[in-house]
Participant: 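Below you will find the structure I want to go over with you.
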Amino acid sequence: MKLTKLVTLGAATLAFFTTAVHADDWPTQAVHVIVPYSAGGGTDTTIRTLVPKASEVLGQTIVVENKPGGATIPATEAVFRAKPDGYTIGAAAAPYTLNTAMGKPTPYNPVDDFEHVIKLVDLPMCILVSPDHPAQSFDAFVDWAKAQEDPVLYATAGVGSMPHLWGLAFAKSMGFKVEHVGYKGSAPAILDVMAGNIQVMFDGVTPGCLKGKTGEVRVLASAWDTRLPLLPDTPTLKELGYDVPRGSANFSLFAPKGTPADVVTKINAAFQAALDDPGTMERLANSGLLPAGGSPEDYHNFVTSEIAFWTEISKGAGVTSN
């Protein structure tokens with residue numbers, strides 16, 4: 001009995017010191033970031049913008065692997081099932097939390113089954129209409145929408161996207177009815193708004209809202225706390241006096257459950273350094289992205305609060321994963 005206890009204690013001690021040494025030496029090989037979208041998309045571009053500086057800080061190559069499809073679930077599951085050694089981490093976009101908020105079945109729990117590394121950036125949303133829309137301002141749009149007998153049609157880049165759910169929260173706050181029209185990406189939705197086929201669209205600063213600079217659409221307001229660098233003449237809902245939830249997509253990093261805390265800290269520090277780098281910040285800003293950053297705990301708390309908030313919105317509007 002005593003021998004068994006000694007062997008067990010010895011194994012536990014060895015495992016502790018092995019993990020500690022591993023964390024101290026990490027990384028000794030390339031780190032792989034699994035991105036749940038195709039190359040060239042917003043999540044992919046963000047990660048690739050940050051990778052050079054983060055790789056420099058870590059002293060190791062960071063490889064971006066694209067695994068698109070399945071509402072980001074296959075890519076997230078790949079991280080869920082990966083060895084928790086820090087050499088495989090995942091990139092998260094809005095569906096990381098919204099899938100759960102809408103009741104979509106997943107083989108993992110986004111709150112409890114991962115180590116949350118860092119929230120990287122926000123992509124704030126805007127409200128845009130056709131140049132021919134009768135509303136010349138956001139206030140006028142609200143008056144127009146409340147006067148409609150039928151629900152106002154609003155376009156987004158897809159069902160289950162952040163603009164989809166934010167549009168429901170927005171309409172609830174404004175006091176008028178809406179009906180969602182989900183497209184396969186922003187591009188076709190923007191074309192229908194430009195043509196006047198859809199009455200309003202909620203989209204990120206890029207690509208949709210920058211069309212306001214060319215006159216192809218009219219941007220009425222942004223859903224951020226302060227005016228956006230790329231749209232300095234566009235008022236925020238907050239400054240217009242509307243109490244509407246802040247709206248943005250976000251890109252973040254997470255790791256398999258059990259990844260050593262020291263390793264998580266190192267990854268966090270490397271990508272925080274990338275966010276703080278002036279050259280990287282400029283490239284992000286040109287894409288309409290606002291650096292977030294913060295600690296692993298900050299990101300964990302964000303994930304928890306996002307799921308709680310959007311679950312309530314989804315249930316209230318009868319939105320499901322179907």
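The structure presented is a predicted model; accordingly, all values stated were derived computationally and were not measured. Count residues from 1 along the sequence.
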Participant: Side-chain polar contacts of residues 167-180 - donor-acceptor pairs under 3.5 angstrom, sequence neighbours left out - could you list them?
Facilitator:
from	atom 1	to	atom 2	distance (Å)
Ser173	OG	Ala169	O	3.1
His180	NE2	Thr156	OG1	2.7

Participant: Hey, could you give me each pair passing ring pair (Phe, Tyr, Trp, His ring centres under 6.0 Å) that has a residue in residues 211-251? Not counting sequence neighbours.
Facilitator: Phe138-Tyr242
Participant: For the residue pair Tyr96 and Phe254, is the inter-centroid distance of their aromatic rings smaller than 6.0 Å?
Facilitator: yes
Participant: Would you find a donor on one side and an acceptor on the other, under 3.5 Å apart, between the side chain of Lys213 and the backbone of Leu230?
Facilitator: yes
Participant: Within the distance-only criterion (no hydrogens, no angle test), does the side chain of Asn268 pair as donor or acceptor with the backbone N or O of Val264 below 3.5 angstrom?
Facilitator: no
Participant: Does one side chain, of Asp203 or Ser186, offer a donor that lies under 3.5 Å from an acceptor on the other?
Facilitator: yes
Participant: Taking NZ, NE, NH1 and NH2 as the nitrogens, is one of them in Asp298 or Lys119 under 4.0 Å from a carboxylate oxygen of the other?
Facilitator: no
Participant: Taking distance alone, no hydrogens or angles, what donor-acceptor pairs closer than 3.5 Å link side-chain atoms of residues 127-135 to residues at least two apart or in another chain?
Facilitator:
from	atom 1	to	atom 2	distance (Å)
Ser130	OG	Asp132	N	3.1
His133	ND1	Ala135	N	3.0

Participant: Taking all non-hydrogen atoms of both residues into account, name the closest pair between Val303 and His116 and its distance.
Facilitator: CG2-CD2, 3.9 Å
Participant: Around atom NZ of Lys257, are there more than 12 heavy atoms from other residues, nucleotides or ligands closer than 6.0 Å?
Facilitator: yes
Participant: Would you check if there is a donor-acceptor pair between the side chains of Gln272 and Asp276 at a distance under 3.5 Å?
Facilitator: yes
Participant: Mind listing the closest non-hydrogen atom pair of Leu228 and Ser222 along with its distance?
Facilitator: CD1-CB, 3.8 Å
Participant: Salt bridge between Asp262 and Lys266, side-chain N to carboxylate O under 4.0 Å?
Facilitator: no
Participant: Do other residues, nucleotides or ligands put more than 12 heavy atoms under 6.0 Å from the CD atom of Glu239?
Facilitator: yes
